[in-house]
Amino acid sequence: LTLADNIKNSDCVFVMGHQFSDLDSVGASIGLWSAITKGQEKPCYVVLNREQTLAGALVETVEKAGNTGMFLSPREALSLITDRSLLIIVDTHSESFVESRDLYKYSKRTVVIDHHRMMVKHIENAIIFYHEPYASSASEMVTELVQYLGENAIGRLEADALLAGITLDTKNFVLKTGVRTFEAAAFLRRKGADTVEVKRLFSNSIDTYRAKYQLVSNAEIYNSCAVTAADEDCPDIRIASAQAADELLGVQGVNASFVLYSSAGTVNISAR
């Protein structure tokens, strides 16, 4: 059965990304939500943890546009899922990284859509395992899929979300960018995607901006590796660390970057 067939045979569809969801994970989820609710006319929800998402600006934008019922917490989704429901996991293929392992374990029918290189421990019981390591992002893959799920399946808002996801994972169309990436972006532009609005979704608070450049300015170079550590926590330290790692990779002579930061009593590393 195709993805469309499985959607039609479901009473409800849940779309879920990875923990600490980013613009690619959430953007791909929003694109699927639109294609399923508008193109396939099936009830659909995006499952995410609001306290941990790194795409808060996108979530707020979508809800301000009137889509207040789109997002569910993992606990809310668990109360609604049935044996006839379909769970679509995007931007990861590892059980360990999904937003809610409980929801995954309860699901009787699961679809995986991911672009990361295959891991040893991957989800093995998926009825459809759509894995494309040469794709730039999950959002690129979903952009291709939605064109088969309904002619008018996405609007401007969803096109913005998908373009933001592609922009994030390609580092502004620099890395892992192929012909299909530009074709997907062109399709989204035809659907009304606004590059200025997409850029706004990447804007930081002044505290995050300061934290990022503090990390960059404190970096040391060792064996072509840039290494830096955060002195103290800030509300968006994960975002600041990821962006600092990206910035450091652009420094001449740097082949890899490592940003260390503490969160919830654990030392984390954002590496590029």
Side-chain angles (χ1 to χ4, degrees), residues 3 6-7 10 12-37 42-63 67-82 85-119 121-131 137-139 141-142 145 158 161-162 164-165 168-169 201 235-239 241-242 263-264 266 268 270:
L3 177 59
N6 279 288
I7 292 171
S10 305
C12 186
V13 182
F14 298 88
V15 186
M16 176 174 69
H18 53 73
Q19 296 173 15
F20 299 101
S21 52
D22 56 15
L23 284 172
D24 186 31
S25 173
V26 178
S29 298
I30 291 172
L32 280 172
W33 171 87
S34 181
I36 292 166
T37 56
K42 281 285 183 179
C44 180
Y45 302 97
V46 174
V47 182
L48 58 76
N49 186 334
R50 291 174 179 270
E51 303 302 318
Q52 296 182 342
T53 184
L54 304 181
L58 177 56
V59 173
E60 290 178 8
T61 298
V62 169
E63 290 190 325
N67 302 302
T68 53
M70 179 193 300
F71 301 103
L72 294 180
S73 68
R75 179 176 294 182
E76 290 171 328
L78 272 170
S79 68
L80 295 176
I81 192 170
T82 70
S85 299
L86 180 67
L87 174 64
I88 304 178
I89 295 174
V90 298
D91 206 26
T92 184
H93 60 265
S94 170
E95 177 185 345
S96 301
F97 296 155
V98 295
E99 185 74 90
S100 171
R101 293 182 70 176
D102 290 338
L103 190 65
Y104 160 67
K105 288 179 178 179
Y106 188 92
S107 173
K108 300 295 188 294
R109 300 164 62 241
T110 302
V111 170
V112 174
I113 301 172
D114 188 33
H115 68 107
H116 295 98
R117 282 182 290 184
M118 184 69 74
M119 300 178 66
K121 294 183 179 180
H122 60 272
I123 293 171
E124 296 181 341
N125 64 338
I127 55 177
I128 297 177
F129 194 90
Y130 182 26
H131 180 240
S137 55
S139 291
M141 296 173 70
V142 168
L145 284 172
E158 296 82 23
L162 288 165
L168 175 72
D169 271 23
L201 294 173
D236 294 324
I237 190 61
R238 286 183 178 272
I239 296 175
S241 297
S263 178
T266 303
N268 299 267
S270 185

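These numbers come from the heavy atoms of this one structure, side chains and all, not from hydrogens, waters or symmetry mates.
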J.: Give, for atom OG of Ser96 and atom NZ of Lys121, the distance between the pair rounded to the nearest 0.5 Å.
T.: 7.0 Å
J.: Do Phe14 and Leu72 touch side chain to side chain, with heavy atoms closer than 4.5 Å?
T.: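 Result yes, sub-4.5 Å side-chain heavy-atom pair found.
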J.: Restricting to pairs with a member in residues 15-35, which pass ring-ring contact (aromatic ring centres under 6.0 Å, His included), not counting sequence neighbours?
T.: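 Not a single pair qualifies under ring-ring contact (aromatic ring centres under 6.0 Å, His included).
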J.: Distance from Ser29 atom OG to Leu58 atom CG, nearest 0.5 Å?
T.: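 Ser29 OG to Leu58 CG: 9.5 Å, rounded to 0.5 Å.
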J.: Check the side chains of His122 and Asp114 for a donor-acceptor pair under 3.5 angstrom, ignoring hydrogens and angles.
T.: no
J.: Check Thr92 against Val112 and note the closest heavy-atom contact, atom names and distance.
T.: O-CG1, 3.7 Å
J.: Is Leu103 close to Pro74 at the side-chain level, that is, under 4.5 Å between some pair of heavy atoms?
T.: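 No - every pair of side-chain heavy atoms lies 4.5 Å or more apart.
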J.: Do the non-hydrogen side-chain atoms of Arg238 and Asn268 ever get within less than 4.5 Å of each other?
T.: yes
J.: According to salt bridge (charged side-chain N to carboxylate O under 4.0 Å, His left out), does anything in residues 87-99 pair up with another residue at least two apart or in another chain? List the pairs.
T.: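 Qualifying pairs: Glu95-Arg101.
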J.: Any sub-3.5 Å donor-acceptor pair from Lys42's side-chain atoms to Val13's backbone N or O?
T.: no
J.: What's the separation between atom CD1 in Ile89 and atom CZ in Phe129, rounded to the nearest 0.5 Å?
T.: 9.5 Å
J.: Evaluate the side-chain proximity of Ser139 to Asp169: yes if any heavy-atom separation is below 4.5 Å, no if none is.
T.: no
J.: Which distance, rounded to the nearest 0.5 Å, do you find between the OH of Tyr45 and the OG1 of Thr37?
T.: 11.0 Å
J.: State, with a plain yes or no, whether a side-chain heavy atom of Tyr104 is found less than 4.5 Å away from one of Asn125.
T.: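 Side-chain contact under 4.5 Å: yes.
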J.: Show the nearest heavy-atom pair for residues Ser10 and Arg109, with the distance to one decimal.
T.: OG-NH1, 2.8 Å
J.: Can you see which heavy atom on Phe71 is nearest to which on Glu76, and at what distance?
T.: O-OE1, 4.4 Å
J.: How close do Gly31 and Val142 get, counting heavy atoms only, and between which atoms?
T.: C-CG1, 4.1 Å
J.: Which value, rounded to the nearest 0.5 Å, describes the distance between Glu60 atom CD and Leu201 atom CG?
T.: 10.5 Å
J.: With rounding to the nearest 0.5 angstrom, report the OG to CZ distance, Ser100 to Arg75.
T.: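 Rounded to the nearest 0.5 Å, the OG-CZ separation comes out at 10.5 Å.
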J.: Any non-hydrogen side-chain atom of Val111 less than 4.5 Å from a side-chain atom of Ile127?
T.: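 They are in contact (side-chain heavy atoms under 4.5 Å apart), so the answer is yes.
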J.: Considering only heavy atoms from C-beta outward, does the side chain of Leu3 approach that of Ile88 to under 4.5 Å?
T.: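 Yes; the side chains approach each other to less than 4.5 Å.
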J.: Is the shortest side-chain heavy-atom distance between Leu32 and Ile113 below 4.5 Å?
T.: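 Of all side-chain heavy-atom pairs linking Ile113 with Leu32, at least one is under 4.5 Å.
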J.: Considering residues at least two apart in sequence or located in another chain, which fulfil the side chain to side chain donor-acceptor pair (under 3.5 Å) criterion with Ser241?
T.: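 Scan of Ser241 (side chain to side chain donor-acceptor pair (under 3.5 Å), adjacent residues dropped) gives none.
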J.: What closest approach, in Å, do Glu158 and Ser34 show between heavy atoms, and which atom pair accounts for it?
T.: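 Closest approach of Glu158 to Ser34: CG-CB, 3.3 Å.
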J.: Has the side chain of Thr53 got a donor or acceptor atom that lies under 3.5 Å from a matching backbone atom of Ser21?
T.: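 Answer holds: yes.
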J.: Do the side chain of His93 and the main chain of Met119 share a donor and acceptor less than 3.5 angstrom apart?
T.: yes
